[in-house]
2 protein chains.
Amino acid sequence: MGEDKIKNMEEFAARSGVSRPTVSKYFNDPNSVRKSTRIRIEAALERYDYRPNVYAINQNRRLTKNIGIVVPFVADPFFAELARNIEQRFIAAGFSPTTFSSHGSPQHENEILDTLRSIRPAGVLMAPLGRASDRSSIEKFCDDVPTVLFDSNIEGVGEAFVGSNNMQFVQLSVEYLCRTGEPPIFLEMSPVNPNANKRRNAFIQTMERLGFEPHIVRVDGEGWGFEEIGYKGGLKLISERSLPTKSVLCSNDRLAIGFLAACYEQGLRVGHKADCDIRVAGHDDHPFSRFTCPSLTTVSQDYEAISERSVETLLALIESGGTGDSRHETLFEGKLVMRASA
Amino acid sequence: MGEDKIKNMEEFAARSGVSRPTVSKYFNDPNSVRKSTRIRIEAALERYDYRPNVYAINQNRRLTKNIGIVVPFVADPFFAELARNIEQRFIAAGFSPTTFSSHGSPQHENEILDTLRSIRPAGVLMAPLGRASDRSSIEKFCDDVPTVLFDSNIEGVGEAFVGSNNMQFVQLSVEYLCRTGEPPIFLEMSPVNPNANKRRNAFIQTMERLGFEPHIVRVDGEGWGFEEIGYKGGLKLISERSLPTKSVLCSNDRLAIGFLAACYEQGLRVGHKADCDIRVAGHDDHPFSRFTCPSLTTVSQDYEAISERSVETLLALIESGGTGDSRHETLFEGKLVMRASA
DNA sequence: ATAATAAATTTACGCGCGTAAAGTTTGCAG
DNA sequence: CTGCAAACTTTACGCGCGTAAATTTATTAT
């Protein structure tokens with residue numbers, strides 16, 4: 001292959017013995033041309049590796065095949081895996097996804113929206129920072145570009161939302177902990193997104209329903225270094241002996257990972273066995289939760305389902321022309337993952 | 001701002017009272033126009049938020065301002081942070097970086113190279129998969145696009161390499177472990193890249209220099225789930241009591257994290273204190289190593305230095321026209337990070 | 001002031017492709 | 001064989017901008 005380099009579609013069309021408009025049609029949808037001509041084009045493709053210029057394509061198409069994927073913090077393996085999963089689904093659907101990370105900064109998040117506008121995407125799948133997000137910027141963006149939110153909701157923004165049922169998550173964990181031992185306290189940090197608030201409220205509600213006093217402990221710290229926050233907060237709580245119970249339910253796994261490190265350092269034995277000092281559980285089933293010491297009991301996010309539904313929803317939105325009728329929210333249930341820590 | 005939408009540079013030029021070629025010149029380099037006209041353009045920019053069409057720009061420019069960044073596995077926070085750091089440096093230099101992850105798959109790595117060709121980048125910064133990489137594909141790619149390798153070297157490929165001095169890393173850790181207790185064995189997995197091999201060889205060499213018998217234990221497992229490999233391998237080694245020493249030096253931190261989980265589960269107390277059963281150390285100073293139980297003693301990669309030098313090298317290469325004289329390799333030293341595990 | 005230089009303008013072309021309209025060929029049913 | 005729709009070819013325009021050459025205008029030096 002590759003006798004001599006092909007400059008453009010004109011040349012390639014000549015080589016393949018087909019007119020340029022037909023070749024153009026082929027690249028937009030190989031099934032839109034007759035079988036015999038498809039064979040001729042593909043035979044030429046093997047001989048002269050030619051690829052249409054993406055910039056020329058995107059400049060002229062009414063709508064590009066680009067998809068923007070925005071996650072709040074790609075250094076969190078949970079989001080990295082989610083993004084990877086989503087990317088591959090879009091590729092399979094014939095789109096060109098690009099992933100962006102807000103790196104925990106609302107300013108960066110806004111810059112990403114600017115970048116996204118400039119690539120004129122067919123649609124965007126966005127997991128916003130949450131509380132720190134600049135609501136009006138995102139709202140304006142959603143007016144221009146078909147956007148589906150996932151993971152973290154912003155009420156009324158975007159054409160749809162796909163995420164987890166935080167209420168059910170916390171019900172699962174609280175009921176389990178209450179059933180198998182002392183009722184837990186809820187360890188949280190300054191909430192970065194609505195999920196955190198929903199989890200806390202669900203904790204209160206579930207504890208009250210079960211007839212227990214809900215006790216919430218908030219640890220200090222800002223930003224996306226959740227482990228650090230859980231660790232430092234844990235050290236403080238343990239050394240001051242201000243933990244009122246022997247069961248700790250963490251708002252999320254990353255916080256729990258930090259808290260476990262503090263427990264270990266302070267000599268607290270964590271687990272559900274008789275000789276243990278404290279039980280610790282989390283939420284999300286973070287990729288690292290299997291490798292904590294002890295392994296972390298948690299509620300797993302169904303991220304296969306979340307990514308699948310997000311992609312489906314956005315593709316449907318794009319096909320419908322961008323204006324979904326009414327904003328729809330989909331929440332997936334979690335599963336209790338019992339490990340050694342609680 | 002934003003009275004009415006500006007369609008193109010022609011319109012914007014009219015609004016700002018400057019000719020289109022001059023506006024074009026401005027966007028390519030704001031300092032290339034006279035101060036008075038720069039002010040007029042920027043005044044108009046504030047009123048009519050206009051941004052040049054990226055596709056039209058890139059179609060016509062001889063060389064784009066695009067930069068490709070390729071990492072082997074973005075779900076590893078180490079690479080995510082590295083990529084973020086590198087991205088921001090390129091942005092500061094006026095380029096448009098895009099990060100791609102090979103997701104551990106050589107096939108995917110090759111697809112990324114194809115994608116990269118199609119965006120005609122000014123340069124590429126690539127951390128190859130390593131042993132699994134398709135050398136000839138990468139070589140061919142480097143013929144077409146100015147490319148600097150980082151993190152993992154492929155001898156003779158690319159215009160330069162920037163990474164860590166694995167020899168020095170292992171010297172540091174081995175000398176420390178030998179100085180403070182029983183000489184370590186080296187725990188490795190099937191090597192994914194040359195770094196792993198270099199570390200093993202450095203281990204042998206350093207141990208022999210210190211007058212000890214080098215003992216290497218390899219655990220089974222393929223792919224990029226290093227923690228899993230370390231965990232399962234650790235369980236097997238411990239339960240079979242086939243560990244010959246009480247000091248274990250892991251090839252990398254992620255392997256050590258899995259091994260620590262196995263130790264914990266098997267009831268082995270890890271640490272350098274008198275009442276401990278085993279010491280464990282790693283290499284890289286992975287973001288999570290601070291939060292393992294116990295916290296992991298390791299050798300830190302100087303990833304600020306690596307990212308800075310990588311970017312510098314590539315930018316210099318681009319400015320020089322893409323053909324660096326001779327291939328240059330830069331290796332940075334690591335620092336011993338003493339924590340609780342060894 | 002005038003000359004010399006720098007910068008901006010005018011004009012024009014081309015990049016590679018999408019896309020539309022009109023005419024031509026092909027495939028297939030009856 | 002005829003008829004007809006589907007697919008193709010030809011022709012042509014436009015997308016938004018980079019860029020070059022020739023000309024005019026503004027700035028600086030003398």
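Labels below follow one simple rule: chain letters A, B, ... track the order of the sequence lines, proteins then strands, and each chain is numbered from 1.
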Side-chain contact test, heavy atoms from C-beta onward, threshold under 4.5 Å: evaluate it for B:Leu149 versus B:Arg327 and give yes or no.
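SC-SC contact between B:Leu149 and B:Arg327 confirmed.
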Can you check whether A:Phe150 reaches A:Thr313 side chain to side chain, under 4.5 Å on heavy atoms?
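A:Phe150 does not reach A:Thr313 side chain to side chain.
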Keeping to residues at least two apart or across chains, list the salt bridge (Lys or Arg N to Asp or Glu O under 4.0 Å) pairs with something in [range].
range	result
residues 111-135 of chain B	A:Arg51-B:Asp114, B:Arg117-B:Asp144, B:Arg135-B:Glu139
residues 16-36 of chain B	B:Glu10-B:Arg20
residues 312-322 of chain B	B:Arg309-B:Glu312
residues 85-110 of chain A	A:Arg89-A:Glu304

Please find the pair of heavy atoms, one from A:Ile138 and one from A:Ser133, that lie closest to each other, and give the distance.
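Answer, listing the atom of A:Ile138 first, then A:Ser133: CD1-CB, 3.7 Å.
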Any residue meeting side chain to side chain contact (heavy atoms under 4.5 Å, CB included) with A:Ser164, in chain and number order, not counting sequence neighbours
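Expected list: A:Phe169, A:Gln301, A:Ile306.
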Can you sort out the partners of A:Pro21 under side chain to side chain contact (heavy atoms under 4.5 Å, CB included), two or more places apart, ordered by chain and number?
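With neighbours one apart ignored, the set is A:Ser19.
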With the threshold set at under 4.0 Å for non-hydrogen atoms, list the residues of residues 9-19 of chain A touching DNA chain C in residue-number order.
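The stretch gives A:Met9 as the residues lying under 4.0 Å from the strand, ordered by number.
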B:Glu329 CD: over 12 foreign heavy atoms closer than 6.0 Å:
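Enclosed: over 12 neighbouring heavy atoms sit under 6.0 Å from CD of B:Glu329.
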Relative to the 5' end of DNA chain C, which residue comes earlier, B:Ala56 or B:Val23, by the nucleotide with the nearest heavy atom?
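Its nucleotide being nearer the 5' end, the pick is B:Val23.
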Mapping A:Arg20 and B:Ser32 to their closest nucleotides on DNA chain C, which lands nearer the 5' end?
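Going by which nucleotide is closer to the 5' end, it is B:Ser32.
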Hey, which sits more toward the 5' end of DNA chain D by its nearest nucleotide, A:Gln59 or B:Arg62?
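Closest to the 5' end, via its nearest nucleotide, is A:Gln59.
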5' precedence on DNA chain D between B:Asn60 and B:Pro21 (nearest-nucleotide basis):
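Residue closer to the 5' terminus by nearest nucleotide: B:Asn60.
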Geometric class of the B:Phe27/B:Phe12 ring pair [parallel <30°, tilted 30-60°, perpendicular >60°]
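Ring orientation of B:Phe12 relative to B:Phe27: tilted.
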Measure the distance from CD1 on A:Ile39 to C1' on D:dA7 and round it to the nearest whole Å.
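After rounding, the gap between these two atoms is 15 Å.
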Going by side-chain hydrogen bond (donor to acceptor under 3.5 Å, both in side chains), name the residues that satisfy it together with B:Glu42, two or more places apart in sequence or in a different chain.
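B:Glu42: side-chain hydrogen bond (donor to acceptor under 3.5 Å, both in side chains) contacts with B:Tyr26.
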Ignoring backbone atoms, establish whether A:Thr37 has a side-chain N or O less than 4.0 Å from OP1 or OP2 of D:dA7.
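It does not, given that no N or O in the side chain of A:Thr37 lies less than 4.0 Å from OP1 or OP2 of D:dA7.
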Nucleotide range of DNA chain C contacted by chain A, 5' to 3', under 4.0 Å to a heavy atom?
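Endpoints of the contacted stretch of DNA chain C: C:dG16 to C:dT26.
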All pairs passing ring pair (Phe, Tyr, Trp, His ring centres under 6.0 Å) where residues 83-126 of chain A contributes a residue, at least two apart
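Only A:His103-A:His108 qualify under ring pair (Phe, Tyr, Trp, His ring centres under 6.0 Å).
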To the nearest 10°, give me the bend of the helix from C:dA1-D:dT30 to C:dG30-D:dC1, comparing the axes of its five terminal pairs at either end.
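Rounded value for the end-axis angle: 0°.
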Taking only nitrogen or oxygen atoms into account, show me every contact under 3.5 Å that the protein makes with nucleotides 25-28 of chain D, one pair per line with its distance.
| unit_1 | atom_1 | unit_2 | atom_2 | d |
| --- | --- | --- | --- | --- |
| D:dA26 | O3' | B:Arg34 | NH1 | 3.4 |

